[in-house]
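Written out below as structure tokens is the structure these notes cover.
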Amino acid sequence: MKKSIFKHSLLLLLTWLAVLSCTSDDREDPVQDPPVSGDYSQGLFILNEGGFGSSNASVSFLDNDGQVYNGIFSEVNNRSLGDTAQSIGFYEDNGYVIVNNSSTVEVVNRYTFNSVATVTSQIVNPRFISFSGNNGFITNWGDPNDTNDDYVAVLNLATNLVESKIMVAEGPEKMVINNGKLYVAHKGGYGYGNTITVIDIATQLVESSIDVADVPTGMVIANDFLYVLCAGKAPFTQDETTGKLYKINASTNVVEASLDFPEGVHPSFLEIDNTILYYTQGSAVYATPINNFQLPSSPIIEPTTDGLEILYGFTVTDGLIYMADAKDYSSNGKTFIYNINGALQQQFTVAIIPNSFYFNN
């Protein structure tokens, strides 16, 4: 199973085992609605991971009129997106869909979703993509059982060919770019990572490494500071560690402050909107201003009261909070949208295991 064994919690791990024990006949197929007629220029994409090993990953689209369209990649291109969609990145006119278990990057026109290319060479268990200049940087686990073959692939965006690899520590995941540096969080792959690799983009060389707590799950940049959320090792590891939130000076790569979560608390997602940091703890959402760096005492949203079961994706943009509900990992999931005051604005059904949100306007 090429998924991180600590991705959210022990509940996730046990549920995945249950999902993997099912046959494809046990899974509910995504609803296939007709796509928007060739126009995805304004709206929200929801990436649906699909069941591991089932090749039923998909993309949903919410237009600005509130209409939801499921399965747009398959409808437009008349073929499957692949097995276990991980993330999407947009650059200029193209979208880059990272498909983990298929070890592919599907390049599409971001406005029509027509296929442009499928990148397969030198892509092995890809996770996330970031962009600088004419290059896309793609984190790859390689063989998850080999702790020494993980890398960042450098994709030429003009040719859609991987031109080089930057070897890094085990389990590279999310990335952020700041002042010519690429920061790579090492969540750990099949193991448990606790570092941030700093890569000089111009030379494509590893410059340094920043030590953080176990399992860095989220990173954001604001005002030349890097904020890193670490989940810590979960209880099922039998080596439980403390979750932490870091404030790191991105000019010096020195940790300026850190906050410890209480024992037994393991946060997951981290986002920033304007000057407010938002993070999740279980399914609850917490908020803290960057100029008052401390852990809040109570959440701003507790979505379980609205029917959210398993939080699996989270984004905050322009005063709205988007939350993906994986349900039971085999039925169609849901999206919940809240305002920053915690009021539910909209909810709708998407496909199997929604995991992330992307805007195209």
- On the ring face of Tyr227, is Lys247 found with NZ or CZ under 6.0 Å from the centre and within 45° of the axis? no
Indicate if [X] and [Y] have the same hydrophobic cluster label, given that clusters are the connected sets of ILVMFWY residues with side-chain heavy-atom separations under 4.5 angstrom.
{"X": "Val154", "Y": "Ile201", "answer": "yes"}
{"X": "Ile123", "Y": "Trp141", "answer": "no"}
{"X": "Ile177", "Y": "Val228", "answer": "no"}
{"X": "Phe128", "Y": "Tyr96", "answer": "no"}
{"X": "Ile290", "Y": "Phe225", "answer": "yes"}

Where the side chain of [X] meets the backbone of [Y], is there a donor-acceptor pair that is under 3.5 Å apart?
{"X": "Asp273", "Y": "Gly319", "value": "yes"}
{"X": "His186", "Y": "Thr195", "value": "no"}
{"X": "Asn249", "Y": "Ser251", "value": "yes"}
{"X": "Asn274", "Y": "Thr317", "value": "no"}
{"X": "Asp149", "Y": "Gly142", "value": "no"}

Would the number of heavy atoms belonging to other residues, nucleotides or ligands and lying under 6.0 Å from [atom1] of [X] be above 12?
{"X": "Asn64", "atom1": "CG", "answer": "yes"}
{"X": "Asn78", "atom1": "CG", "answer": "no"}
{"X": "Glu302", "atom1": "CD", "answer": "no"}
{"X": "Asn145", "atom1": "CG", "answer": "yes"}

Could you tell me whether the side chains of [X] and [Y] share a donor-acceptor contact shorter than 3.5 Å?
{"X": "Arg110", "Y": "Asn94", "result": "no"}
{"X": "Gln281", "Y": "His266", "result": "no"}
{"X": "Ser60", "Y": "Asn70", "result": "yes"}
{"X": "Tyr183", "Y": "Asn253", "result": "yes"}
{"X": "Thr288", "Y": "Tyr286", "result": "no"}
{"X": "Asn156", "Y": "Asn134", "result": "yes"}
{"X": "Asn178", "Y": "Asp224", "result": "yes"}
{"X": "Asp214", "Y": "Thr241", "result": "yes"}
{"X": "Ser356", "Y": "Ser87", "result": "no"}

Angle between ring planes, [X] versus [Y], binned at 30° and 60°: parallel, tilted or perpendicular?
{"X": "Phe357", "Y": "Tyr322", "result": "tilted"}
{"X": "Tyr91", "Y": "Phe131", "result": "parallel"}
{"X": "Phe269", "Y": "Phe314", "result": "tilted"}

Shortest non-hydrogen contact from [X] to [Y]?
{"X": "Ala57", "Y": "Glu49", "answer": "CB-O, 3.4 Å"}
{"X": "Val215", "Y": "Gly232", "answer": "CG2-O, 3.8 Å"}
{"X": "Asn339", "Y": "Ile321", "answer": "O-CD1, 4.2 Å"}
{"X": "Pro126", "Y": "Val99", "answer": "CG-O, 3.7 Å"}
{"X": "Arg127", "Y": "Gln86", "answer": "O-CG, 2.9 Å"}
{"X": "Gly193", "Y": "Pro216", "answer": "O-CD, 3.4 Å"}

Rounded at 0.5 Å granularity, tell me how far [atom1] in [X] sits from [atom2] in [Y].
{"X": "Ile272", "Y": "Met219", "atom1": "CD1", "atom2": "CE", "answer": "13.5 Å"}
{"X": "Asn48", "Y": "Leu81", "atom1": "CG", "atom2": "CG", "answer": "9.5 Å"}
{"X": "Asp150", "Y": "Glu173", "atom1": "CG", "atom2": "CD", "answer": "10.0 Å"}
{"X": "Leu44", "Y": "Phe359", "atom1": "CG", "atom2": "CZ", "answer": "5.0 Å"}
{"X": "Ser283", "Y": "Asp306", "atom1": "OG", "atom2": "CG", "answer": "11.5 Å"}
{"X": "Asn109", "Y": "Glu92", "atom1": "CG", "atom2": "CD", "answer": "12.0 Å"}

So, do [X] and [Y] sit near enough that their side-chain heavy atoms are less than 4.5 Å apart?
{"X": "Val76", "Y": "Thr112", "answer": "no"}
{"X": "Gln346", "Y": "Phe336", "answer": "no"}
{"X": "Val168", "Y": "Ile199", "answer": "yes"}
{"X": "Val198", "Y": "Ile210", "answer": "yes"}
{"X": "Ile310", "Y": "Asp325", "answer": "yes"}
{"X": "Val212", "Y": "Ile196", "answer": "yes"}

- For Phe45, the option from Tyr69, Tyr358, Phe90 that meets ring-ring contact (aromatic ring centres under 6.0 Å, His included):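 It is Phe90; the other options fail the test.
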- Of Val152, Leu182, Asn135, which is the lone residue that meets side chain to side chain contact (heavy atoms under 4.5 Å, CB included) with Gln204?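 Answer after filtering Val152, Leu182, Asn135: Asn135.
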- Strictly under 6.0 Å, is that where the ring centroids of Phe113 and Phe61 end up?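 Judged by ring-centre distance (under 6.0 Å), Phe113 and Phe61 do not meet the cut-off.
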- Verify whether the ring centers belonging to Tyr40 and Tyr111 lie closer than 6.0 Å.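 Tyr40 vs Tyr111: aromatic centres not under 6.0 Å.
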- Task: Assess whether side-chain hydrogen bond (donor to acceptor under 3.5 Å, both in side chains) is satisfied between Ser54 and Asn56, documenting all intermediate values.
- Result: CA-CA 5 Å; Ser54 298; Asn56 59 355; 4.5 Å; no
- Query: So, Lys187 and Glu170, do they make that salt bridge, N to O below 4.0 Å?
  - Reply: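 No, no charged N to carboxylate O under 4.0 Å.
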- So does Asp200 pair up with Lys181, basic N to acidic O under 4.0 Å?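 Salt bridge: yes.
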- Task: Decide side-chain hydrogen bond (donor to acceptor under 3.5 Å, both in side chains) for Thr237 and Asp239; before the verdict, give the C-alpha distance in whole Å, the side-chain angles of both, and the deciding distance to 0.1 Å.
- Result: CA-CA 5 Å; Thr237 65; Asp239 184 27; 5.7 Å; no
